*Asks:* 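This structure is in structure tokens; I'll ask about it shortly.
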Amino acid sequence: MTSNLLQDLIAEILIRLPVKSVVRFLCVSKEWYSLITSSYFIKMHLKFSIETNRDRTLILNEEDFAPASHYISAVQFSSKYNRFGKTVEIYQPLLNWVVSDYCDGLVCLHNGHEKQDVAVWNPLVRKYRRFPFEPIEEPSGFSDVRFSHLAFGHDPRNDDYKVLRVIEFYMEDMIGMEFEVKSVALNGDVYWLVADRVGQHRKSLLAFDLATEKFRLYGTPVPLENYLSTFLDVLGGLLCCIVHDYMYCDVYLMKKYGVEGSWTQIFKIEKNVLCRNFEYFRTLMFSTNGKKVLLEEHPECGRTNLIWYDIEKNKMLQG
Amino acid sequence: MSNTSENPNPSSSSAKITLKTSDNELFEVEEAVAMKFCTVKQYFEDEKDNDVAARGSSTVIPLPNVHSAVLARLISYCKKLPQSNAVADNHEEEETKKKERKQYGTPGDLVDLISAANYLDFKEGLEFFNQALADHIQNKSVEYVRKFFGIKGDFEPHEEEKYREEYAWAFEGVDED
């Protein structure tokens, strides 16, 4: 059986294969090797994976107390069965490192209290790269590093991945001021929910452009009330705000990227329709046909659960 | 879509287009089917612009790169097209789709179908048969793939050995050839 399928037709076939097959076919020939390792192919393959939920893997930070250790576990999504399978042991190159953030299937890991050791890991090809050590310089007048947070995202203009380190310093006589520095990265920007605009009734969205390295501010649908817990996530490639009330959880999507007016409520879950007493949830992904959303449910105590929420039927299904 | 496209039906009111394959077979197909092949559509529109009165509906469009056996399969695929577009959302649907993808011939035929769909600029068909071929080679060995595509392995044995060691996990659980 012979054929002379053109190189770009071969590429069209190979983007439809999972990472494992593509890695195996690296050694078919030098031509296939250079095709598969080209950035053009890698981008097409990634795009196809995202669109079809292929190779979708949930990476979980786990913690053991006796003896104290961190490890990472993985759950593979089966696009065939449209659900997550059992927890699988994954090859873990860096022991006791913790997941900070992720983007495009790459995982940003850190190690140590001040997160000075940083690495980027591709679990599917089982490779990682450690970053050079970058010391933290304390600005004058501040005494101590209190908290450091890492954000990881893709800079589409320079086609590069960047890690952003946010460090909180404090002065000795300062009283405790808690704020959330958890961010999400999307389309070359890193976002935080902030209560910044004085006199505003809603929280704002602070965006850091990874290409220009400049900040911008957007409005959100999130009311500025103390009792609400709010989360920022990425869902279906869009920014997502989750607002937890006493009674309800509202989930909003920014339907048009960077357009304040495009925040749309996609669903509202009444808390008492849930059988379990949970504290909050995060949105992880849509099912392949977009009718269900996978929620990461954090109960008041015990382990995190994964559950599918059927948007139309307003029903929970076990993950 | 009506199912009369392959056998000409004189009573049908829809316009027909005649396609001539590389082995000189004539296929009379419904215009709606033929227009899915962008190459045919382009040819047809050019003809219409240049020479309307003289030939009209009797235009024969030559397809020198497509064999009759392959064209017959593509046309039969076209007739089933509407069911093939939705995204599978569960195991049963995906299995049905896989079976669907298998019914257009042997894996070797897929290569011809892909080449023809590419030549005809038939997007849905190209995606469908590319996926069918991907399903077929997904769990195959490197040797099988080389043989299938007629590719000669050109890495030095020690280079190839290095890759196989480095990515040993990718060579586990491969189907028998």
Side-chain angles (χ1 to χ4, degrees), chain A residues 1-37 44-45 48 51-55 78-83 85 89-91 123-127 286-292 308 310 317, chain B residues 86-95 97-98 106-112 114-115 117-119 126-127 129-156 159-174:
Chain A
M1 209 173 303
T2 57
S3 68
N4 285 308
L5 281 184
L6 299 163
Q7 184 86 336
D8 49 348
L9 286 180
I10 293 285
E12 283 293 332
I13 295 161
L14 297 186
I15 60 159
R16 289 159 198 279
L17 293 172
V19 168
K20 188 180 171 185
S21 307
V22 167
V23 168
R24 181 165 68 248
F25 297 155
L26 276 175
C27 68
V28 164
S29 69
K30 286 180 179 166
E31 202 179 355
W32 277 40
Y33 183 90
S34 57
L35 168 72
I36 292 168
T37 53
M44 284 216 306
H45 192 270
F48 196 86
E51 284 169 2
T52 58
N53 277 336
R54 176 188 57 197
D55 282 325
S78 154
S79 52
K80 195 164 140 189
Y81 296 101
N82 203 18
R83 60 178 161 84
E89 281 285 318
I90 48 166
Y91 163 76
L124 288 174
V125 303
R126 307 190 185 193
K127 299 224 160 184
F286 280 118
S287 65
T288 313
N289 68 2
K291 289 182 180 162
K292 284 173 268 174
W308 283 103
D310 189 312
L317 313 154
Chain B
V87 179
D89 198 36
N90 58 48
H91 182 49
E92 289 76 35
E93 274 178 46
E94 180 57 34
E95 286 303 297
K97 282 175 152 296
K98 270 201 177 150
T106 65
D109 296 333
L110 287 173
V111 174
D112 295 331
I114 290 169
S115 304
N118 183 51
Y119 167 71
L126 190 57
E127 283 175 11
F129 295 114
N130 277 340
Q131 187 61 54
L133 191 48
D135 291 347
H136 176 65
I137 62 171
Q138 178 169 331
N139 291 322
K140 296 292 185 191
S141 69
V142 168
E143 292 73 16
Y144 180 92
V145 169
R146 280 184 191 142
K147 205 172 143 203
F148 185 84
F149 289 104
I151 297 168
K152 209 174 170 302
D154 52 0
F155 280 112
E156 296 293 328
E159 285 176 315
E160 188 170 331
E161 203 42 52
K162 210 184 98 217
Y163 289 127
R164 283 179 186 263
E165 265 170 44
E166 190 177 351
Y167 300 106
W169 52 271
F171 292 84
E172 291 163 7
V174 170

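Protein chains get the first letters and strands the later ones, always in sequence-line order, with residue 1 at the start of each. As the structure is a prediction and not an experimental result, all values here were calculated from the model.
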*Asks:* Search all heavy atoms of B:Trp169 against all heavy atoms of A:Leu124 and return the closest pair with its distance.
*Replies:*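 Minimum heavy-atom separation between B:Trp169 and A:Leu124: CH2-O, 3.2 Å.
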*Asks:* Between A:Ser29 and B:Lys152, which heavy-atom pair has the shortest distance, and what is it?
*Replies:*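 Heavy atoms of A:Ser29 and B:Lys152 come nearest at CB-O, 4.1 Å.
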*Asks:* So which part of B:Phe171 gets closer than 4.5 Å to some heavy atom of chain A, the side chain, the backbone, both or neither?
*Replies:*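 B:Phe171 touches chain A through backbone and side-chain heavy atoms alike.
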*Asks:* For B:Glu127, is it the side chain, the backbone, both or neither that has a heavy atom under 4.5 Å from a heavy atom of chain A?
*Replies:*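 Answer is both: backbone and side chain atoms of B:Glu127 are under 4.5 Å from chain A.
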*Asks:* Going from SG on A:Cys27 to CD on B:Glu161, what distance comes out if it is rounded to the nearest 0.5 angstrom?
*Replies:*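 Interatomic distance, A:Cys27 SG to B:Glu161 CD, rounded to 0.5 Å: 9.5 Å.
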*Asks:* Are the side chain of A:Arg24 and the backbone of B:Tyr167 linked by a donor-acceptor contact shorter than 3.5 Å?
*Replies:*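 No; judged by distance alone, with no hydrogens or angles, the pair does not exist.
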*Asks:* Can you tell me how far the CZ atom of B:Phe155 sits from the OH atom of A:Tyr33, to the nearest 0.5 Å?
*Replies:*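 That separation rounds to 7.0 Å.
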*Asks:* Got B:Asn118 and A:Asp8 here, is their nearest side-chain heavy-atom distance under 4.5 Å?
*Replies:*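 Sidechains of A:Asp8 and B:Asn118: no contact.
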*Asks:* Of all the heavy-atom pairs spanning B:Ala134 and A:Leu17, show the shortest one and how long it is.
*Replies:*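 Residues B:Ala134 and A:Leu17, closest heavy atoms: O-CD2, 3.3 Å.
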*Asks:* Could you grab the distance from atom CD of B:Gln131 to atom CZ of A:Phe48, nearest 0.5 Å is fine?
*Replies:*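 B:Gln131 CD to A:Phe48 CZ: 5.0 Å, rounded to 0.5 Å.
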*Asks:* Counting only non-hydrogen atoms closer than 4.5 Å, does B:Ile137 touch chain A with its backbone (N, CA, C, O), its side chain (CB onward), both, or neither?
*Replies:*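 Both backbone and side chain.
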*Asks:* At what distance, to the nearest 0.5 angstrom, does CG of B:Asp135 lie from CD1 of A:Ile13?
*Replies:*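 Separation between the atoms: 11.5 Å.
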*Asks:* Roughly how far, to the nearest 0.5 Å, is the CD atom of B:Gln138 from the CG atom of A:Leu14?
*Replies:*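 One gets 12.0 Å once the value is rounded to the nearest 0.5 Å.
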*Asks:* Is it true that, when you exclude A:Lys30 itself, more than 12 heavy atoms of the residues, nucleotides or ligands shown sit nearer than 6.0 Å to its NZ?
*Replies:*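 Yes, because the 6.0 Å sphere around NZ of A:Lys30 holds more than 12 heavy atoms from other groups.
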*Asks:* Output the option from A:Glu31, A:Lys127, A:Lys20 having the highest count of non-hydrogen pairs under 4.5 Å with chain B.
*Replies:*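 Result: the option with the highest number of such pairs is A:Lys20.
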*Asks:* Picking from B:Leu133, B:Ile114, B:Asn130, which has the most non-hydrogen pairs under 4.5 angstrom with chain A?
*Replies:*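 Highest number of heavy-atom pairs under 4.5 Å: B:Asn130.
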*Asks:* For the candidates B:Val145, B:Asp154, B:Val142, B:Asp112, which exhibits the highest count of non-hydrogen atom pairs separated by less than 4.5 Å from chain A?
*Replies:*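 Going by pairs under 4.5 Å, I would pick B:Asp154.
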*Asks:* Side chain from CB out, backbone as N, CA, C, O: work out which of these in A:Ile10 comes under 4.5 Å of a heavy atom of chain B, or both, or neither.
*Replies:*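 Contact with chain B is through the side chain of A:Ile10 alone.
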*Asks:* If I take atom CZ from residue A:Phe25 and atom CZ from residue B:Phe149, how far apart are they, to the nearest 0.5 angstrom?
*Replies:*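 Spacing of CZ (A:Phe25) from CZ (B:Phe149) equals 8.0 Å.
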*Asks:* Is it the side chain or the backbone of B:Glu156 that comes within 4.5 Å of chain A heavy atoms, both, or neither?
*Replies:*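 B:Glu156 has no heavy atom closer than 4.5 Å to chain A.
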